[in-house]
Amino acid sequence: MVKLVSKLISKIKHREYIIDENITSADLIGILFTRMFMLIRGFFCRIQFKKSGKMTFIGKNVKIKSKSHIESGSGLTIEDGCFINALCRGGVKIGNNFSLGKNSMIECTGVIRELGESLEIGNDVGIAANAFISVRGNVKIGNSTIFGPGVKVFSENHIFKDKETPIYLQGASRQGVEIGEDCWIGANAVILDGVEIGKGCVVAAGAVVNKDVDDYTIVGGVPAKVIGTR
């Protein structure tokens, strides 16, 4: 049974996927039942998307606003308790085999007087539980990039030059965030507006990234500094 399910998942993901041989048949059956219900929810959800792939898996207590702004590939998985507000000018484009971990939030627009810009996510991207992605400026995440739990991405900065005017009335700047392909963003890392992270980078757990990161660079600390290369 394990080999059969491994072949099925490999076909869905279009790459080899081998289930751990130590998993029991009872555990595997339980997982398959959960995925079956996620697939049923996904069917009713994806028909409201602007465009979608063949298979979408949606967990329990998932809330998605403005579904018509979403274009997704096959193998989309949204785990339990996630919230997505897809209302933005350029829409949300998601590649194949994207997964969003439990209790994560993607918020494209905060206030309707100024919509967010756009979100683009490549193929084979995995975001772990409790992530927060603020899509005020453009946010782009490259293929095969993975996020640890609790990662936060901010694509906007409040303006606060005028001391006589409340900060919330001074507007905001939006430079956007771009994360290259094949990156690993460690648990609880924070990526701030205006940052471009290159290809193959590693961001250490708990880092606060406020400057660009060159290809194949390892950064860590608050604020993040170069601590190595690949």
Side-chain angles (χ1 to χ4, degrees), residues 12-17 49-53 55-56 69-79 82 84 86 88-101 104-108 116-156 174-220 224 226-230:
I12 293 171
K13 290 183 173 292
H14 302 289
R15 59 181 171 82
E16 188 177 31
Y17 189 98
F49 289 175
K50 183 176 180 181
K51 181 180 178 182
S52 69
M55 304 192 80
T56 299
H69 290 256
I70 297 175
E71 298 178 40
S72 72
S74 185
L76 171 69
T77 299
I78 302 175
E79 298 284 355
C82 290
I84 298 174
C88 57
R89 295 168 182 167
V92 174
K93 296 181 175 132
I94 301 171
N96 296 320
N97 303 321
F98 170 66
S99 63
L100 184 65
S104 293
M105 178 182 292
I106 296 175
E107 188 181 60
C108 292
E117 296 298 335
S118 69
L119 172 63
E120 183 178 347
I121 299 173
N123 298 319
D124 303 307
V125 171
I127 296 178
N130 299 306
F132 177 77
I133 301 175
S134 173
V135 186
R136 301 299 192 267
N138 295 307
V139 175
K140 184 175 181 180
I141 302 170
N143 297 332
S144 305
T145 282
I146 54 176
F147 285 21
V151 170
K152 295 176 177 60
V153 177
F154 299 96
S155 57
E156 179 182 70
R174 295 176 170 181
Q175 300 178 62
V177 171
E178 183 169 347
I179 301 170
E181 63 182 53
D182 190 29
C183 291
W184 173 22
I185 313 299
N188 295 312
V190 177
I191 300 170
L192 300 179
D193 185 37
V195 166
E196 182 175 344
I197 295 175
K199 179 180 180 180
C201 294
V202 175
V203 176
V208 176
V209 186
N210 63 353
K211 293 181 180 178
D212 292 349
V213 181
D214 294 333
D215 293 351
Y216 300 107
T217 300
I218 304 168
V219 298
V226 176
I227 57 176
T229 57
R230 294 179 62 204

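With values rounded to the nearest 0.5 angstrom, T217 atom OG1 is found 10.0 Å from R230 atom CZ. Interatomic distance, L76 CG to T56 OG1, rounded to the nearest 0.5 Å: 5.0 Å. Once rounded to the nearest 0.5 Å, the distance linking CD1 of I106 with CG of L119 reads 5.5 Å. Distance check: E71 CD to K50 NZ gives 4.5 Å after rounding to the nearest 0.5 Å. Taking OG1 of T77 as the reference point, atom CE of M55 lies at 9.5 Å (rounded to 0.5 Å). Separation of atoms CD1 (I179) and CD1 (I133) is listed at 7.5 Å; rounding is to 0.5 Å.
Of all heavy-atom pairs spanning I70 and F49, the tightest one is O-CB, 3.5 Å. Closest approach of C82 and G101 over heavy atoms only: SG-O, 2.9 Å. Heavy-atom minimum distance, V135 versus V139: CA-CG2, 4.2 Å. The two residues A86 and H69 come nearest to each other via the heavy atoms O-CB, 3.3 Å. Nearest heavy atom pair, residue N138 against residue S118, reads OD1-OG, 2.6 Å. Across F147 and I141, no two heavy atoms sit closer than the pair CZ-CD1, 3.9 Å.
Residues C108 and V92 are in side-chain contact: their nearest non-hydrogen atoms beyond the backbone lie under 4.5 Å apart. Between S144 and D124, the closest side-chain pair of non-hydrogen atoms falls below 4.5 Å. Between F98 and I127 the shortest side-chain heavy-atom distance falls below 4.5 Å.
The closest donor-acceptor contact from the side chain of S104 to the backbone of A131 lies under 3.5 Å. Without hydrogens or angle criteria, S74 side chain to N96 main chain gives no donor-acceptor distance under 3.5 Å. Not a single donor-acceptor pair under 3.5 Å links the side chain of N97 to the backbone N or O of N123. The closest donor-acceptor contact from the side chain of T229 to the backbone of Y216 lies at 3.5 Å or more, if one exists at all.
The side-chain hydrogen bond (donor to acceptor under 3.5 Å, both in side chains) check on E107 picks up R136, with sequence neighbours excluded.
Note on residues 88-100: pairs passing salt bridge (Lys or Arg N to Asp or Glu O under 4.0 Å), not counting sequence neighbours, are R89-E117.
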Name the atoms and distances for all side-chain donor-acceptor pairs under 3.5 Å in residues 181-207, with sequence neighbours left out.
from : atom 1 : to   : atom 2 : distance (Å)
D193 : OD1    : Q175 : N      : 3.2
D193 : OD1    : G176 : N      : 2.7
D193 : OD2    : Q175 : N      : 3.1

